[in-house]
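For reference, positions follow the sequence shown, starting with 1.
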Amino acid sequence: RAGLARCAGCGGRIQDPFLLRVSPDLEWHVACLKCAECGQPLDETCTCFLRDGKAYCKRDYSRLFAVKCAQCRAAFRSSDLVMRARDLVYHLECFRCAACGRQLLPGDQFCLRERDLLCRAEHGPPPDGSGARGPRSP
């Protein structure tokens with residue numbers, strides 16, 4: 001396919017004897033495949049990540065795009081257990097009440113005000129008093 005392929009990096013025709021293929025449909029001149037953030041050459045010796053047609057080294061891809069804990073802002077490892085509240089994700093040990101610091105466990109009632117987690121003791125019953133007494137609605 002040399003001579004027919006177009007480089008995803010520079011857009012030029014690839015006439016070199018070698019090309020790098022990333023993903024099933026993106027081909028690059030060997031010299032053009034670099035991290036879009038830091039410029040590190042990306043070849044067969046390092047992992048390459050793609051986002052919106054741009055290539056990134058592992059370090060920059062993780063820094064820019066990885067889901068991070070809403071509390072400590074650290075990235076997650078694949079072995080981490082997480083807790084979720086709406087669209088926020090937390091390390092298990094970071095899932096704590098913002099007011100009293102108590103760790104919230106699966107099954108605990110809490111509320112989310114702005115970006116703060118609050119345990120039942122800190123946020124109290126709902127403002128209309130429902131749930132404080134009487135049967136719950138379905």
Side-chain angles (χ1 to χ4, degrees):
R1 284 194 41 151
L4 298 176
R6 290 228 174 250
C7 177
C10 72
R13 210 170 244 156
I14 302 176
Q15 296 179 338
D16 306 353
F18 299 102
L19 59 85
L20 294 174
R21 181 172 289 140
V22 180
S23 185
D25 57 346
L26 295 177
E27 296 165 331
W28 305 69
H29 289 111
V30 173
C32 289
L33 186 57
K34 296 178 182 178
C35 176
E37 189 70 13
C38 71
Q40 172 188 345
L42 302 170
D43 55 21
E44 68 279 353
T45 63
C46 60
T47 305
C48 176
F49 295 85
L50 288 178
R51 176 105 177 209
D52 301 326
K54 295 179 182 175
Y56 297 91
C57 66
K58 184 176 182 176
R59 183 185 71 245
D60 285 328
Y61 186 86
S62 293
R63 182 178 57 80
L64 295 168
F65 305 113
V67 175
K68 295 177 180 70
C69 176
Q71 179 62 36
C72 72
R73 303 300 304 151
F76 295 101
R77 296 183 312 252
S78 61
S79 61
D80 286 340
L81 296 176
V82 300
M83 296 288 282
R84 295 179 184 273
R86 292 196 189 122
D87 59 340
L88 303 175
V89 185
Y90 300 83
H91 290 106
L92 209 55
E93 59 275 6
C94 294
F95 199 68
R96 298 180 172 276
C97 176
C100 70
R102 184 175 74 84
Q103 185 174 10
L104 300 168
L105 301 172
D108 286 350
Q109 291 184 351
F110 67 90
C111 81
L112 192 59
R113 286 201 189 129
E114 302 296 319
R115 294 183 64 90
D116 289 336
L117 291 169
L118 297 172
C119 67
R120 176 97 175 141
E122 296 298 334
H123 74 79
D128 64 358
S130 66
R133 51 193 166 277
R136 290 183 161 181
S137 62

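Residues Val30 and Asp16 fail the side-chain proximity criterion, which asks for heavy atoms closer than 4.5 Å. Between Leu118 and Arg113, some side-chain heavy-atom pair lies under the 4.5 Å cut-off. Counting heavy atoms from C-beta outward, Tyr90 and Leu117 have side chains that approach closer than 4.5 Å. The shortest distance between side-chain heavy atoms of Leu42 and Cys57 falls below 4.5 Å.
The distance from atom SG of Cys7 to atom CD of Glu27, rounded to the nearest 0.5 Å, is 9.5 Å. Once rounded to the nearest 0.5 Å, the distance linking SG of Cys119 with CD of Gln109 reads 11.0 Å. Note that CZ of Arg120 and CZ of Phe110 are 12.5 Å apart. Values are rounded to the nearest 0.5 Å. For the atom pair Cys48 SG and Lys34 NZ, the distance stands at 13.5 Å (nearest 0.5 Å). Phe76 CZ to Ser62 OG: the interatomic distance, rounded to the nearest 0.5 Å, is 13.0 Å. Rounding to the nearest 0.5 angstrom, the gap separating the CD atom in Gln40 from the CG atom in Leu33 is 10.0 Å.
Put simply, the side chain of Gln15 never gets that close to the backbone of Ala5: no donor and acceptor are under 3.5 Å apart. With hydrogens and angles ignored, the 3.5 Å screen pairs a side-chain donor or acceptor of Arg6 with a backbone N or O of Gly11. Asp80 contributes a side-chain N or O that, together with a main-chain N or O of Arg77, makes up a donor-acceptor pair within less than 3.5 Å. The backbone N or O of Glu93 sits less than 3.5 Å from a side-chain atom of Arg96, completing a donor-acceptor pair. In this structure, the side chain of His29 does not engage the main chain of Ala8 through any donor-acceptor pair within 3.5 Å.
Residues Val89 and Leu81 are members of separate hydrophobic clusters, defined by side-chain heavy-atom contacts under 4.5 angstrom among Ile, Leu, Val, Met, Phe, Trp and Tyr. Residues Leu104 and Leu92 share a hydrophobic cluster, clusters being chains of Ile/Leu/Val/Met/Phe/Trp/Tyr side chains in contact below 4.5 Å.
By the ring-ring contact (aromatic ring centres under 6.0 Å, His included) test, Tyr56 is found to be paired with Phe65, residues two or more places apart in sequence or in another chain being considered. Every salt bridge (charged side-chain N to carboxylate O under 4.0 Å, His left out) that Arg102 has, sequence neighbours left out, goes to Asp108.
Screening Arg51, Lys54, Glu37 for a side-chain contact (heavy atoms from CB on, under 4.5 Å) with Tyr61, the sole residue that qualifies is Arg51.
Contact detail for Met83 and Pro106: the closest heavy-atom pair is CE-N, 3.8 Å. Of all heavy-atom pairs between Cys94 and Gln71, the closest is CB-CB, 3.7 Å.
Using a cutoff of 4.0 Å between basic side-chain nitrogens and carboxylate oxygens, Arg63 and Asp60 are scored as salt-bridged.
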